[in-house]
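To find a chain, count down the sequence lines: A is the first, B the second, and so on, and within it residues start at 1. All values below were derived from every heavy atom in this structure, side-chain atoms included, with hydrogens, water molecules and symmetry-related copies excluded.
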Amino acid sequence: MQAIAPRPAEPGGGYLLQEITEAGEPHGPVVVVDSPPQVIARLPPGQRWLWDATASGYPPFFRAGIRVERCYDVTLTERILLGRQGRFGLPSSAAAVHARATGLAVPDDPDPLAAPTEPTLFDDAMARSAMAPAVDPIEALRVALADQRRRIDDDRALGLLLAAESASALAATEMGLIGLPWRADIHRDLLTGMLGPRPRPGERPQRLAELATQITDAFGFTVNPDSAVDLRAGFRRVGFEIESTRSWVIKEIDHPAVAPVLSYKELARIYTANGWNWLDDWARGGRFHPEYLPGSVVSGRWATRGGGALQIPRALRRAVVADPGHLLVVADAAQLEPRVLAAVSGDEALQQVSAGADLYTALANDGFGGDRAHAKVAMLGAMYGATSGEAGRLLGTLRGRYPVAMACVENAARQGESGDVVHSVLGRACPPPSASWRELVGLGSMQDATDAERRRAGQLARDRGRFTRNFVVQASAADWASVWLSGLRRELRAVAGAELVFFQHDELLVHVPAEHAGTVAALTIGAAESARRLVFPASLVTTPVLPVIVDCYADAK
DNA sequence: TCAAATGGCGCC
DNA sequence: AAAGGGCGCCATTTGA
């Protein structure tokens, strides 16, 4: 393994390298080099790079044309390890791990949001004096590695999770820098078709202005559909006592304003979230470059910063088009979460149902009279904690057919309600409840609690129960997806020109020269099978992936 | 007058 | 079919 760190006190000025053993022992001298190419010149290929954080460490190498094959990301590893100790939100850099392991003052993590600044000499001196004592960064990496290895303690599942997390970080950095192909001209045509020409700043697009007029005409008085307060008051004034203006609430109302209001909401969403301003900000140079933040959701899902990459509306997928001579391989893990539930719970009946390509159809034929929609609602309700309505009523059927799976999620909910912590299949921990949660929930069970206190306590407990119920499924699905993605990334090295360009929870896109698309499609299937074997080794469950080869993302479904 | 909270909705 | 989990982002509202 190669420890690598930027040379301290030399911003942009070189790197320190040291070959070390897997246990963190030095296995060679510390070497100073000036630039990424010189780093490469000194390293045998295929080495695992040990560094503080992929997100900050990798981009200079990637920009220099260097692809890192394997790495060990101390920060991402530390976040998971700390979480298993019930500690969230603490500094997780190598310097912080080193400080905790050696009893030094723990430094703050570098703020990833802070823009790089050019400090004056005065600021620089001030900053230095305020810092924790400077520690050799290579030393910090070695100590952090040894400390983390000790805490991992040969836990096979945890080791798999951590390896996948570091590999995912490489993929995330690469995907952000490569970008998702984005045809601004197509996007603009879509906007014009839906909304009319681009409005002047501060004005509504033509189509929204027309709808606003229709809404006011339908009510007989002025209502601003951008204001939930105004809209609710409007419907109340014409006799509909709604509590919110969510579209599914409004849909149930019988009034001439309903249709234009619903159209307005839909189009206004496109305009504000993914309109011309979004294009200006995010689609430069024919690519959309979101910043992916792997593992930043407590469940282990990725988040993104900027551009809302994980919420691209289906209506705009028309703008995602492969470059000339290339194709997109769109691979989606079908119905991943119920399959994951079947696996983590060990419910053999549900695993049987998951053997086929369409789990919900099989479910429907096994107790829901062939009604696929009902079967799906019931299963989603079981995983999300639905209590009322149709989903609540259908839970009984699931409980009868799949008692092991239902006991699994209901047990997770009870643990959450009582303040316990639950884990994903590979060992990612959910956060413990806050001190105020404990206090308020405890208050509700006191002898002299008021009705309001009891209601509040029950509410908080049930909220946390729904969270932990979902966590065991969502986080285990994220475990699987992370192993899938990192395995695929490794396989793609053998395919010239193939690039991962998008990842969204259980779906990924590979941009590939047309002649290799079939090969890549097969690799997505193979990587899914490997992930199933690694993450659910004892289970009958299947986690099928259905790659589609297309020119345009919109044609994938 | 500003920042924080809220309501709403897109994706999974 | 119902409004149950996780996010990020926008415009509006609230409150200090």
Whole angstrom value for the distance that separates C1' of C:dA1 from CE of A:M379: 16 Å
Aromatic plane relationship, A:W278 with A:W182 - under 30° parallel, 30 to 60° tilted, over 60° perpendicular: tilted
Length of the line joining A:F368:CZ and C:dA1:P, which is rounded to integer Å: 14 Å
Short side-chain N/O contact from A:S227 to OP1 or OP2 of C:dT13, under 4.0 Å: yes
Short side-chain donor-acceptor distance under 3.5 Å, A:T542 and A:R532: no
Any A:R269 side-chain nitrogen or oxygen under 4.0 Å from OP1 or OP2 of B:dG10: no
Of A:Q474 and A:K251, the one whose closest DNA chain C nucleotide lies more 5': A:K251
Rounded distance in Å - CE (A:M383) to P (B:dC12): 14 Å
B:dC9 OP1/OP2 closer than 4.0 Å to side-chain N/O of A:S247: yes
Interatomic distance where CZ belongs to A:R232 and C1' belongs to C:dT12 [whole Å]: 14 Å
Nearest listed nucleotide, side chain of A:E507, among B:dG8, B:dC12, C:dG4: B:dC12
Aromatic-base stack, A:W248 on C:dA3, cutoff 5.5 Å, angle under 30: yes
Sugar-phosphate, base or nothing in reach of A:R469, heavy atoms under 4.0 Å: nothing
Whole angstrom value for the distance that separates P of C:dC10 from CG of A:L279: 14 Å
Atom pair CD (A:Q214) and CZ (A:F219), whose distance is rounded to the nearest 0.5 Å: 12.5 Å
Check: A:A554 main-chain N/O paired with A:R314 side-chain donor or acceptor under 3.5 Å: no
A:Y384 aromatic ring stacked with six-membered ring of C:dG5, 5.5 Å and 30°: yes
Closest to side chain of A:N470, choosing from C:dG6, B:dG8, B:dC12: C:dG6
Touch class at under 4.0 angstrom, heavy-atom based, for A:S244 against every strand present: sugar-phosphate
Sugar-phosphate only, base, or nothing, as touched by A:A373 at under 4.0 Å among non-hydrogen atoms: nothing
Side chain of A:V229 (C-beta onward), nearest among C:dT13, B:dG10, B:dG8: C:dT13
Sugar-phosphate, base or nothing in reach of A:T272, heavy atoms under 4.0 Å: sugar-phosphate
A:R236 atom CZ, over 12 foreign heavy atoms within 6.0 Å: yes
Candidate nucleotides B:dC9, B:dC11, C:dG4, ranked by approach to the side chain of A:Q504 - the nearest: B:dC11
Any A:R301 side-chain nitrogen or oxygen under 4.0 Å from OP1 or OP2 of C:dG8: no
Separation of B:dG8 C1' from A:E266 CD (nearest whole Å): 14 Å
Short side-chain N/O contact from A:K265 to OP1 or OP2 of B:dG8, under 4.0 Å: no
A:D226 side-chain proximity, nearest of C:dA2, B:dC12, C:dA11: C:dA11
Nearest-nucleotide pick for A:E390, side chain only, options being B:dC11, C:dA2, C:dG6: C:dA2
Candidate nucleotides C:dG6, C:dC7, B:dG8, ranked by approach to the side chain of A:Q311 - the nearest: C:dC7
Side chain of A:A391 (C-beta onward), nearest among C:dG4, B:dG7, C:dG6: C:dG4
Length of the CG-P vector between A:D506 and C:dG6, whole Å: 17 Å
Flag for A:Q311-A:N274: side-chain donor and acceptor within less than 3.5 Å: no
Sugar-phosphate, base or nothing in reach of A:G392, heavy atoms under 4.0 Å: nothing
Separation of C:dA1 P from A:R393 CZ (nearest whole Å): 13 Å
Geometric class of the A:Y292/A:W302 ring pair [parallel <30°, tilted 30-60°, perpendicular >60°]: perpendicular
Touch class at under 4.0 angstrom, heavy-atom based, for A:V377 against every strand present: base
